[in-house]
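Not measured: the values here are computed from a predicted model. Quick note on labels: first sequence line is chain A, next is B, and so on, each numbered from 1. Scope of the values below: all heavy atoms of this structure, side chains included, with no hydrogens, waters or symmetry mates.
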Number of protein chains: 2
Amino acid sequence: MAPANPIATLGYAILGLLARQPLSGYDVAARLKVPVGFYWTAHYSQIRPELQKLQQAGLVTYEAIPGPGPHSKKVYTITQPGLDALRAWLTQPPKLEAPRNELLLKTHSLWLAGPGEMLPLFRAAAAVHAEHLAHYEAVRERMEVKHGERLTMPDTPEFAEYATLRRGIGFETECLAWCGWMIERLEDRQDRG
Amino acid sequence: MAPANPIATLGYAILGLLARQPLSGYDVAARLKVPVGFYWTAHYSQIRPELQKLQQAGLVTYEAIPGPGPHSKKVYTITQPGLDALRAWLTQPPKLEAPRNELLLKTHSLWLAGPGEMLPLFRAAAAVHAEHLAHYEAVRERMEVKHGERLTMPDTPEFAEYATLRRGIGFETECLAWCGWMIERLEDRQDRG
DNA sequence: CAACTCATGTAATGAGTTACATGATTGT
DNA sequence: ACAATCATGTAACTCATTACATGAGTTG
């Protein structure tokens with residue numbers, strides 16, 4: 001039988017953020033868009049109940065700061081049991097992801113449509129990947145200038161950030177190359193009629 | 001207001017399979033493991049109600065073949081309206097995917113653990129990607145030998161298959177390279193103490 | 001003054017997983 | 001005999017998205 005309140009992966013994602021610094025629920029949501037959003041996303045309405053669970057389990061605490069809005073701002077901080085739980089989860093082998101790529105799904109049926117109809121999809125995808133790549137490369141250069149040698153030391157938060165960034169750059173580069181190949185193939189077909 | 005019974009992406013994934021050949025529910029599930037499973041997966045208990053919806057919407061029909069088991073085997077075939085719906089969906093811009101990569105999430109917190117604890121994760125991941133890559137490369141060679149020139153013609157199902165395969169190869173290659181870099185970094189740190 | 005961001009909260013719906021049950025065929 | 005595969009079906013559950021509501025502060 002599984003434990004009564006197993007912590008979901010999202011819970012660990014949140015703990016991972018709070019291990020770096022205390023954050024409000026809104027700030028957690030913002031970081032689950034950028035930069036963590038590249039490999040794990042969640043909406044605020046999903047984050048809220050998860051933070052409550054973590055708090056009830058004693059893995060985080062919060063301090064309510066009376067703010068200007070209708071609700072007081074809650075700043076969450078990770079506790080020692082929270083850090084322990086996060087460390088224990090870290091070394092567990094990750095479960096395989098369920099891949100979901102709608103563009104590839106469409107690609108699998110692209111023989112049903114003409115090249116002219118499908119080209120815009122790949123051009124749009126290429127543009128998005130190019131934009132991401134440019135952004136990541138800019139962040140990378142800033143990091144390399146700012147932190148230098150520290151980015152080769154695996155025991156710093158900066159290295160962890162840099163490592164995920166490298167993965168993002170590799171991923172986007174590969175996507176872009178594939179889109180380029182697809183566009184080439186489709187344009188070639190279009191030209192020949 | 002959205003239509004009463006909008007077809008989910010999974011529905012189009014199924015239609016895409018049936019556009020190639022008639023299949024039983026079980027066969028659809030099998031193909032949503034391999035080879036479509038690389039970019040879209042689903043369990044049989046999810047596929048079943050989706051097939052029912054498609055059938056009620058007139059996009060597929062089925063023929064019940066009395067089989068040996070307790071239930072008669074149902075072989076589903078796509079209809080003309082089904083093909084039309086699939087073609088219309090094809091050219092719609094795909095919605096952005098919610099990325100979920102647990103290994104990257106752990107990487108983001110790897111500064112909390114020692115290199116010796118994290119190394120097995122990356123070695124295991126590298127092994128899985130190497131295995132996938134070898135498999136894809138084998139399929140690719142078989143396809144290139146068997147179909148040759150046809151793989152450059154975007155209006156054949158073979159090209160569509162080949163195109164998604166190329167994406168898989170690129171993806172796995174990139175994953176492997178990144179895992180290799182991570183292992184190198186962590187081993188280096190471990191050796192120096 | 002309209003639009004946007006910060007910041008919390010609720011409700012409803014849809015997507016996806018897990019576990020279970022039935023039963024014939026095929027391979028070890 | 002036992003396990004695996006083929007093949008369908010049901011129920012309970014968790015995960016995730018969407019839409020909505022409140023209200024202050026900032027920017028063009």
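- With dG16(C), dT18(C), dC15(D) as the choices, the nucleotide that has an atom nearest any side-chain atom of Q46(A) turns out to be dC15(D).
- Looking at T164(A) and W178(B), their side chains never come closer than 4.5 Å, going by heavy atoms from C-beta outward.
- Within 3.5 Å, no donor on the side chain of S72(B) pairs with an acceptor on the base of dT8(D), nor the reverse.
- Rounded to an integer number of Å, the gap from K73(A) NZ to dG9(C) C1' is 16 Å.
- Which of dT18(D), dT10(D), dC15(D) sits closest to the side chain of H43(A) comes down to dT18(D).
- At dA15(C), none of the side-chain N or O atoms of R100(A) fall inside 4.0 Å of OP1 or OP2 (strictly under the cut-off).
- Between the CG atom of L96(A) and the C1' atom of dG16(C) there is a distance of 16 Å, rounded to whole Å.
- Among dT8(C), dT17(D), dC15(D), the nucleotide with an atom closest to any side-chain atom of A98(B) is dT17(D).
- Set against dT18(D), dG9(C), dA15(C), the side chain of A8(B) has dA15(C) as its closest nucleotide.
- Looking at heavy atoms from C-beta onward, E50(B) lies in side-chain contact with I14(B) at the 4.5 angstrom threshold.
- Counting heavy atoms from C-beta on, the side chains of L110(B) and L90(A) never come closer than 4.5 Å.
- What separates CD1 of I65(B) from P of dC6(D) is a distance of 17 Å, to the nearest Å.
- The interatomic distance linking Q52(A) (CD) with dT8(C) (P) rounds to 12 Å, in whole Å.
- Applying the 4.0 Å criterion to OP1 and OP2 of dT17(D), one finds that K95(B) has every side-chain N and O outside that range.
- Map Y76(B) and A42(A) each onto its nearest nucleotide of DNA chain D; the residue landing nearer the 5' end is Y76(B).
- Taking atom CG of L51(B) as the reference point, atom P of dT8(D) lies 9 Å away to the nearest angstrom.
- At a non-hydrogen distance threshold of 4.0 Å, S24(B), G25(B), Y26(B), D27(B) from residues 10-41 of chain B come into contact with DNA chain D.
- Under the 3.5 Å distance criterion, with hydrogens and angles disregarded, no donor-acceptor pair is assigned to the side chains of K106(A) and T91(B).
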Practice prompt. Would you check, one step at a time, whether the test side-chain contact (heavy atoms from CB on, under 4.5 Å) holds for L59(B) with L86(B)?
Written response: CA-CA 9 Å; L59(B) 305 183; L86(B) 180 57; over 6 Å; no
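- Interatomic distance, L186(B) CG to L121(B) CG, rounded to the nearest 0.5 Å: 9.5 Å.
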Enumerate all atom pairs, one protein N or O and one N or O from nucleotides 12-14 of chain D, separated by less than 3.5 Å.
none

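- As rounded to whole Å, 4 Å separates atom P of dT8(C) from atom OH of Y44(A).
- There is no side-chain donor-acceptor pair under 3.5 Å between Y39(A) and E102(B).
- Taking atom CD of residue E102(A) and atom C1' of nucleotide dA15(C), one finds them 14 Å apart after rounding to whole Å.
- Side-chain N/O atoms of S45(A) and base N/O atoms of dT17(D) include no donor-acceptor pair closer than 3.5 Å.
- Note: CD (Q55(B)) to P (dG9(D)) measures 11 Å, nearest angstrom.
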Worksheet entry | Trace of the side-chain hydrogen bond (donor to acceptor under 3.5 Å, both in side chains) decision for E144(B) with Y162(B) | CA-CA 9 Å; E144(B) 283 175 354; Y162(B) 184 65; 2.6 Å; yes
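- When distances run from any side-chain atom of R48(A) to the nucleotides dT10(C), dG9(D), dC15(D), the shortest one goes to dT10(C).
- No side-chain heavy atom of I7(B) sits less than 4.5 Å from a side-chain heavy atom of K53(B).
- Going from atom CD of Q55(A) over to atom OG1 of T77(A) covers 11.5 Å, rounded to the nearest 0.5 Å.
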